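Convention: sequence-line order gives letters A, B, ...; per-chain numbering from 1. From a predicted model like this one, the values you see are computed outputs, not experimental measurements.
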Number of protein chains: 2
Amino acid sequence: MREMTVPESGPKRKLFDVAQQLLAAKGFELVSVRDITQAAEMNVAAVNYHFGSRDGLLSLVMYHHIMPLNEERLARLETVDRKGAGKSAALEEIIDAWVRPLVNQARHSGLSEQSFHQLVGKIFSLQNKDFPAAIQDSIQQVADRFTRSLVKALPTVVSEDLNARFHFMTGGLIHLLLNPPSQQASTIEATLGRFIRFAAAGLREGTETEAPAKKGPQATFDF
Amino acid sequence: MREMTVPESGPKRKLFDVAQQLLAAKGFELVSVRDITQAAEMNVAAVNYHFGSRDGLLSLVMYHHIMPLNEERLARLETVDRKGAGKSAALEEIIDAWVRPLVNQARHSGLSEQSFHQLVGKIFSLQNKDFPAAIQDSIQQVADRFTRSLVKALPTVVSEDLNARFHFMTGGLIHLLLNPPSQQASTIEATLGRFIRFAAAGLREGTETEAPAKKGPQATFDF
DNA sequence: GTCTATAAAGTGATAGAC
DNA sequence: GTCTATCACTTTATAGAC
């Protein structure tokens with residue numbers, strides 16, 4: 001495996017930045033080496049010189065965004081779980097730990113929020129999932145970790161249901177990344193709140209009859 | 001616009017059938033004219049002779065599956081709405097009218113259920129949504145029609161919330177088509193039921209405190 | 001209808017000069 | 001590090017023979 005970092009500046013960085021933009025806009029299948037080098041006003045051979053191959057550059061772009069995103073997701077979940085102490089964490093807070101890094105990492109990405117979401121959405125919905133095993137593994141690990149917390153938060157939901165519901169939630173989120181509401185129609189924060197409420201209700205389905213949703217403990221959650 | 005039908009048999013049909021299979025498996029960006037003609041054991045020029053161009057064939061594949069799907073969705077919604085008479089239709093039945101045609105049309109498609117779902121999922125998540133205006137319009141029309149029924153079924157949910165929730169539901173469904181649970185893990189019918197319950201709970205969120213979900217009327221719904 | 005041959009453009013990658 | 005030139009393919013599409 002090659003270097004998994006990108007310099008802060010210089011020609012390699014420029015290629016990388018231009019590549020991200022194009023990938024976010026057109027998708028991984030539709031961006032050629034020439035598209036990238038032309039947009040960067042650099043030589044055709046530059047991609048192969050700096051990244052070994054087209055695939056090397058594309059993998060690096062994925063790695064660069066997905067790994068920090070996954071780390072923040074795990075870190076936030078850790079915090080939420082610790083706060084819940086013995087009791088299971090509040091469902092809304094688990095979902096928040098799942099979605100908020102998508103907003104937070106956008107700010108650290110150097111890309112516009114729009115572009116970052118497009119890019120991440122395209123990565124997560126890649127058709128032929130032949131991306132690097134390291135990324136695949138990391139994604140799986142995060143999903144497993146969240147599934148475990150959800151099981152604790154929703155002990156009465158049988159695992160087949162819970163897995164399916166987590167799946168539905170994930171799909172809704174990817175679709176949201178790829179097809180965001182127009183910015184003037186809705187703030188990101190409002191959309192996030194709507195998503196969390198929607199997903200929480202879906203995940204919780206069927207558990208409220210015996211113990212109706214208590215407003216008390218959940219009131220500490222700020223939306 | 002060209003003919004929007006395909007003969008029951010013959011070389012044109014063979015090309016069409018092979019094309020659907022490849023498109024379902026690899027996606028629209030990654031299937032070439034040569035892929036198709038080679039798999040069909042026909043000449044390279046056959047696609048252009050029978051369908052005018054690669055794009056003509058691809059558009060026809062979309063048209064062939066999306067239009068009947070949309071029609072069945074509208075027809076089922078009509079039935080549900082009529083049954084509801086003056087009252088608004090049951091939420092679960094509206095969602096059922098939205099998702100069940102995906103199972104039903106699979107049987108009429110000539111494709112395996114798997115392939116049909118892959119194909120439709122890929123069509124609905126096409127990156128550069130440059131597909132024919134007729135299809136785009138039809139999809140929009142169906143979405144609008146369902147939105148109207150949902151508004152009637154959930155009068156207390158403000159429209160920004162409802163639109164967002166419908167969006168989330170759509171995303172979850174597309175993701176489900178593209179990433180189906182393994183067939184031995186779960187029957188289609190069970191997955192459908194799970195999806196409907198998840199989506200209904202999400203759409204209904206916040207409406208249950210004053211008027212707790214009545215089991216009576218919903219009990220007529222069969223899952 | 002079916003085929004060959006070919007056009008015209010695009011693809012990723014690399015050798016080798018500077 | 002940067003560039004040109006080029007290789008070896010692949011792409012869609014079409015003209016024209018059969």
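When the P atom of dG12(C) is taken as reference, atom CG of L58(A) falls 10 Å away, rounded to whole Å. As rounded to whole Å, 11 Å separates atom P of dT2(C) from atom NZ of K14(B). To the nearest angstrom, P of dG1(D) lies 20 Å from CD of E41(A). Note: CG (L15(A)) to C1' (dG1(D)) measures 12 Å, nearest angstrom. Rounded to whole Å, the distance from CG on D55(B) to P on dT14(D) is 13 Å. Across the protein-nucleic acid pair, Q38(A) atom CD and dA9(C) atom P stand 15 Å apart, rounded to whole Å. L30(B) places its CG atom 15 Å from the P atom of dT10(D), with the value rounded to the nearest Å. One atom, CG of D35(B), and another, P of dT10(D), lie 11 Å apart when rounded to the nearest Å.
On a pure distance criterion of 3.5 Å, no polar donor-acceptor pair joins the side chain of R34(A) and the base of dG10(C).
Judged by distance alone, the side chain of S109(A) and the main-chain N or O of A106(A) form a donor-acceptor pair under 3.5 Å. Without hydrogens or angle criteria, H117(B) side chain to L102(B) main chain gives a donor-acceptor distance under 3.5 Å.
In this model, the phosphate group of dT4(C) is approached by a side-chain N or O of N43(B) to a distance below 4.0 Å at OP1 or OP2. Within the structure, a side-chain polar atom (N or O) of S32(B) is placed less than 4.0 Å from OP1 or OP2 of dT11(D).
There is no side-chain donor-acceptor pair under 3.5 Å between H64(B) and Q20(B). For S53(B) and N48(B), the side-chain atoms include no donor-acceptor pair closer than 3.5 Å.
Candidate nucleotides dG1(D), dA13(D), dG12(C) were compared by shortest atom distance to the side chain of N48(B), and dA13(D) ranks first. Checking dT14(D), dT14(C), dG1(C) against the side-chain heavy atoms of A45(B) singles out dT14(D) as nearest. Closest contact between the side chain of R54(B) and the listed nucleotides dA13(C), dA13(D), dT11(C) involves dA13(D). In the set dC3(C), dT11(C), dT2(D), dT2(D) carries the atom at the smallest distance from any side-chain atom of H50(A).
Between K26(B) and E29(A), no side-chain nitrogen of the basic residue sits less than 4.0 Å from a carboxylate oxygen of the acidic one, so the salt-bridge criterion is not met.
Nearest-nucleotide assignment on DNA chain C puts the 5′-proximal partner with V44(B), out of V44(B) and Y49(A).
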